[in-house]
Amino acid sequence: MKSAVLVFPGINRERDMARALTLISGRAPAMVWHAETALPAGTDLVVIPGGFSYGDYLRCGAIAARSPIMDAVRAHAEKGGLVLAICNGFQIACEAGLLPGVLMRNAQLKFICKDVYLRVERSDTPFSRGYNAGQVIRVPCAHGEGNYIADAETIARLEAEGRVLYRYVSPEGVLDPAWNHNGATNAIAGIVNERGNVLGMMPHPENHVEAVMGCTDGRGLFAGLVEHVARAA
Amino acid sequence: MPGLVPGIHGLAIEKKVVDGPDRRGHDAAAVCASFDYIRHMIPNEPRVTPELVAEHGLKPEEHERILKLIGREPTVTELGIFSAMWNEHCSYKSSKIHLRTLPTEAPWVIQGPGENAGVIDIGDGLACVFKMESHNHPSYIEPYQGAATGVGGILRDVFTMGARPIACLNALSFGDPKHPKTRHLVSGVVAGIGGYGNSFGVPTVGGQVRFHPRYNGNNLVNAMAVGLAESDKIFYAAATGVGKPIVYLGSKTGRDGIHGATMASAEFGADAEEKRPTVQVGDPFAEKLLLEACLEIMHKDCVIAIQDMGAAGLTCSAVEMGAKGDLGVTLELDKVPCRETGMTAYEMMLSESQERMLMVLRPEKEAEAEAIFRKWGLDFAVVGETTPTRRFIVRHRGDVMVDLPIKELGDQAPEYKRPFVDTPTLPVISPADVTPPMSTADALEKLIACPDLCSRRWVWEQYDHVIGGNTVQRPGGDAAVVRVNDGPKALALTADVTPRYCEADPLEGGKQAVAEAWRNITAVGGTPLAVTDNLNFGNPERPEIMGQFVGCVRGIGEACKALDFPVVSGNVSLYNETNGRAILPTPTIGGVGVLADFQKSATIAFKAAGEAILLIGETKGWLGQSLYLRDVCGREEGAPPPVDLATEKRNGDFVRELIGEGIATAVHDVSDGGLAVSLAEMAMASGIGAKLDASPAAAHAFWFGEDQARYVVTVAAARAGEIMARAAKAGAAALRLGVTGGDALTLGMERPILVKTLVQAFEGWLPAYMAGPDVT
Amino acid sequence: MKARVTVTLKSGILDPQGKAIEGALKSLGVEGVASVRQGKVFDIELAGTDKAKAEAVLKQAADKLLANTVIENYRVEVTG
Amino acid sequence: MKARVTVTLKSGILDPQGKAIEGALKSLGVEGVASVRQGKVFDIELAGTDKAKAEAVLKQAADKLLANTVIENYRVEVTG
Ligand SMILES: Nc1ncnc2c1ncn2[C@@H]1O[C@H](COP(=O)(O)OP(=O)(O)O)[C@@H](O)[C@H]1O
Ligand SMILES: [Mg+2]
């Protein structure tokens, strides 16, 4: 799998992402500077990593969403190319119109860093085939603005079309406000676009990929992508 | 004399500087003449009056010293520079003679005190660069920005030396939770530390939080940063080479936190209101860009010398570069990127605007470096050059505003041998003098829910402690463990001090702070290597406060020597007092240790039921200054537990061996709250209970005494006997306490306490407290 | 020229910050606040003196960046 | 009653957000913007009809919570 990790000023989880991709796909990603206007030829997966692009100033992701490279990313997505947008990447993708909705301040208005539990809602997508439907995974989150919000119709469509891939749940996999740490609508942690080739999610699977570090629940997401690309080829 | 008059217009001086040897330095008379003349040429330059001198915090005798040094009255800008260079913060004038006594050497020390941060060799060609620094007063004035800029400053100290920051810690002291301002300070400081570190992209992995009425009005924010560099690619402040361009990098200069808060309005003119010195605001985004840009140009070998602009920004950094390199420096303030209009030389020289650096670049690499900085969108300007004159010359709008001997600015700073009185020793409190007001079980439940012992989760969950993907041990254990690159090597990091001990007995308290840092590193299996110390005290002009300082530094020195744990960096913060009431003496110790293999690190959580629980170290039942005595019996009394450094070393080395051999399944040192609290923490971390044998001594003293040099260790039951024998051979006192298992913690004959009841009490207090109204 | 762009959340869009502030005000004993919605203002210095042109620039700035028109409305005023 | 509290940074206080926005506008080709400073607005619904009382409440809210008076100024207006 040939992947490209976008680097915007203020992004800070690009190294974590590159390490995870290298570990699991066996191939180091290209690091692509925001001022570039094209992606490396043959890119299978574009990753918009986490961090604080442009300091999260104005609105999280707003400034990065308008940088030159994003036109190339839109084109890539329109051609059906895969885009994985994590945390600040999710915010950027929403601001760029790649995904619907917006990520607001966490309900309790605090930045929260802790392991959260996600229920994998379906396993028949490139972004979740590495898991079983209903499986609960534990991954860290680290954000102040992860509270997913969209108008009622959008939410209804997302649900009806099964575009919610990951939801905040209790360790037992039960929907429970107490485990929806940022207050997201319908405990939404990750969604895909209509076409299903762009995933935005707040938590950080890339930080749970090494057994020696205590948890590998994040691996499945990347392994699934690698498998998907391999089959497509 | 020729050259002098034109010199006033700044022309001949420049020529001379460029042409090398400058005689002006040797011609005091000429200098005076030129300056009397100059002062008349500097627009609305006020006279230096005794009041103005006082407003700059300079004592009359210090003013005398200045006159003797430069042979004339300084200009107002020069006065500002002296006040900045000679204040306590930059000159260490009250503490220097005592700091010199600290042990700062070991085979693995690459750079001790004296640079932006300390540097130690951790093997494999890698160096660990670290330092702790306080930002106490600013955090009281504006908690969010004060704490944020504190983190920014210490991160800069670390990456200025060529290291990429891989972890931050912070030690926080707040006033009485009931004090109306406390909650506001806690929420602001914690949000500020998180707000800066999270955005910058460094994991904040550890620290301390304490509450005590003595910090009402003077909360403490001590921030520590730890970075990694290649041991042969460390960068320093000392400039080399004459006529080298001095480059300004980073954010623009504004009127942020200018020291001369009291600066005569005469200089500011009518719109003084608008120009009033302002609170420093941190820009973690700019700092992140500065980090990446600096590391990139260092990697491309463009840098000869580099110095961050911290306290007294442009002044300190320029003087340090010149003085350390035995060179003069000339600055052209008209070239300094400014954020605001009409800034005076005084303001530019003393501005503490954040996210700025000063560098001397290899001339041939200047273009390459500039391109890199432009790419990162940072300001880049050549603002001066190095000269052979050993003079510090500052020009602005065609005037020479400053012309001072550069080395003397630092070297000739006053140095005080302040009078001090030793803290009277307090009586030792024997267990018999303390009547337990409640049962041991009740006391334990009360203690783990008290402000100083309850869970700090509410704090560290606001810090990104996993970014980097290397945090092996997250906050909540004895020391944080952070993997070095891809491992297997890792660093063990901790910050410690027990101020109530320091107050009761500065010498023992100083020893204890170092011993506890050493113990926490040991408890995770690390080999302690070196420390940074952040010495927070009251007014050193009061002999009893100076006595606390001297005692603590002596204690720190003794412990660092005995434990082979040298001091490689640090910071002093004095005058932390309000209305003559000082903070508790708080010498925070930041400790760094190394693990050869992070997979061999021990954690505090019990691992399985049926394992033997051993106590390493002797228990006399020391209740003096214990949290039990304070928070359960309501008595803040007595001598603190003594620290026997030989025993510390013996017991610690033994425990580290057990961890290294994979024999110890869980390890936790015994500190605040004593044995019962350590056991409760091990149970809560695992959800596994334990059954402990009845106490061999008076129960309250045995379970809650704070005797030092102790660790709780679990091992497979089958090996318990063998380990006990080994301890005896190693000369480490050991006691078999009981066995793990069940869902409750049972101390001897006491009622069992469900682990989940303990967890509720432990996790409950801080969130509940912080949920109250945030009154500003 | 000086100008101000004011950006506010569209009605119907949830405002967690506003909600929290309502709560905080109550617990601070500030009485009579029924609801709070938070928005942004941008105080902008513009080159030139042509008011109409200035307004055009500000609209452009707001549409392109300052407001997320999916969830926000904006108002532009040249204050002189 | 409706009211608006506008909170702006005191002059001289660094505004990183404004700085970043200036840069972004330039790179988006929005011409003629010399400087940007960002502030907050709070649109507040108040119970009662007494304008003077309302203003008092708003001042109290701003001092206690809405503004950080160490670095921010605020303005209160009852819009009806
Ligand atoms: N208490 C201390 N113990 C050891 N070294 C200290 C102590 N206080 C200051 N230093 C050293 O003195 C030098 C100057 O300190 P400081 O002014 O805080 O550094 P900076 O200017 O980089 O912030 C640093 O190298 C620091 O490590
Ligand atoms: Mg420094």
Euclidean distance, [Y] [atom2] relative to [X] [atom1], rounded to 0.5 Å:
X        : Y        : atom1 : atom2 : answer
B/Ile467 : A/Asn12  : CD1   : CG    : 3.5 Å
A/Lys110 : B/Glu461 : NZ    : CD    : 8.5 Å
A/Cys113 : B/His465 : SG    : NE2   : 4.0 Å
B/Ser187 : A/Leu109 : OG    : CG    : 11.5 Å

Identify which part of [X] has an atom lying under 4.5 Å from any heavy atom of chain A, answering side chain, backbone, both or neither.
X        : answer
B/Arg457 : neither
B/Phe598 : side chain
B/Gln462 : both
B/Glu287 : neither

Exercise. Do B/Asn470 and A/Arg19 have side chains that get closer than 4.5 Å, going by heavy atoms?
Worked result: yes
Exercise. Can you check whether A/His204 reaches B/Val466 side chain to side chain, under 4.5 Å on heavy atoms?
Worked result: no
For this session: Report the C-alpha distance between A/Ile11 and B/Lys288 in whole Å, list the side-chain angles of each, state the deciding distance to 0.1 Å, and finish with yes or no for side chain to side chain contact (heavy atoms under 4.5 Å, CB included).
Result: CA-CA 9 Å; A/Ile11 281 292; B/Lys288 164 76 168 165; over 6 Å; no
Seminar exercise, completed: Among residues 137-144 of chain A, those lying within the under-4.5 Å heavy-atom range of chain B are A/Pro140, A/Ala142
Exercise. Which of residues 50-69 of chain A have a heavy atom under 4.5 Å from any heavy atom of chain B?
Worked result: A/Phe52, A/Tyr54, A/Gly55, A/Tyr57
For this session: Find the one option among A/Gln108, A/Arg15, A/His208 whose heavy-atom pairs under 4.5 Å with chain B are most numerous.
Result: A/Arg15
Exercise. So, for A/Asp16 and B/Gly468, which heavy atoms are closest and what is the spacing to 0.1 Å?
Worked result: OD2-N, 2.6 Å
Seminar exercise, completed: Closest non-hydrogen atoms of A/Arg13 and B/Asp464, given as atom of the first, atom of the second and distance, are NH1-OD2, 2.7 Å
Problem set entry | More than 12 heavy atoms of other groups within 6.0 Å of B/Lys600 NZ | no
Exercise. What's the verdict on side chain to side chain contact (heavy atoms under 4.5 Å, CB included) for B/Lys375 and A/Trp33, showing C-alpha distance, side-chain angles and the deciding distance?
Worked result: CA-CA 10 Å; B/Lys375 169 182 133 196; A/Trp33 185 238; 4.0 Å; yes
Exercise. Between A/Asp115 and B/Arg474, is there a side-chain N and carboxylate O pair less than 4.0 Å apart?
Worked result: yes
For this session: Kindly indicate whether a cation-pi arrangement holds for A/Lys114 with B/Trp460, taking the cut-offs as under 6.0 Å to the six-membered ring centre and within 45° of the axis.
Result: no
Exercise. In terms of heavy-atom proximity below 4.5 Å to chain B, should A/Glu210 be classed as side chain, backbone, both, or neither?
Worked result: side chain
